[in-house]
Amino acid sequence: MSRIGIAVDSDLLKRFDRSIAKRGYTNRSEAFRDLIRDRLVAEQTAEPDAIAVGTITLIYDHHAHGVSEKLTELQHANHELVVSTSHAHLDHDSCLEVLIVHGRAAHVRQFADRLIALKGVQHGRLVTTAPQRVSKNGHPHKQSD
Ligand code: NI
């Protein structure tokens, strides 16, 4: 663990403290660490060749012409990216589908874009992340470890 001191504008710090309190952080250091990790994961998964894991969340009306078939077709055509899917019938019309995906970041992004762009899909979102290597004492490994 390294200790660092940061100079922050008092008003900015007040706003940050309010924000992290709302999110349930009891300690400022953990909130800073999570911000740093979030930035690093975003950079990591922005690399097209990086391996990304994540979820694609889709809302669609299963009555929309051909949408169920097209979703199934696209998923079979990209089966190597799909780890699992979960489907919930929200009401008479609406379906919620969540796919767990794993693969090259660029392929995952392209796959998500195609699903979300399908006519009949009302809303969709891809969330990517990447596993962080953590040693037994809970501290992240350096690349050379
Ligand atoms: Ni359904």
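All values below come from the heavy atoms of this structure, side chains included, with hydrogens, waters and symmetry mates left out. All ligand and atom numbering here is 1-based and tracks the order in the structure.
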Original post:
Rounded to 10°, how many degrees is the angle SG/Cys95-the Ni ion (ligand 1)-NE2/His87?
Top reply: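 Between SG of Cys95 and NE2 of His87, the angle at the Ni ion (ligand 1) is about 100°.
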**OP:** Tell me, please, if His62 has any N/O/S atom, main chain or side chain, under 2.8 Å from the Ni ion (ligand 1)?
**Re:**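 It does not; every qualifying atom lies at 2.8 Å or beyond.
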**OP:** Could you tell me whether Arg37 and Glu30 have a side-chain N and a carboxylate O separated by less than 4.0 Å?
**Re:**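 A salt bridge is present here (some side-chain N lies under 4.0 Å from a carboxylate O).
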Original post:
Can Lys14 and Asp17 be counted as an ion pair, charged N to O under 4.0 angstrom?
Top reply: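 A salt bridge is absent here (no side-chain N lies under 4.0 Å from a carboxylate O).
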Original post:
Would a distance-only check, ignoring hydrogens and angles, find a side-chain to backbone donor-acceptor pair under 3.5 Å from Asn78 to Leu81?
Top reply: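 Absent.
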Original post:
If you look at His89, which of its N/O/S atoms is nearest to the Ni ion (ligand 1)?
Top reply: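 Atom name returned: ND1.
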Original post:
Atom CG in Asp49, atom CZ in Arg104: separation rounded to 0.5 Å?
Top reply: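 That separation rounds to 5.5 Å.
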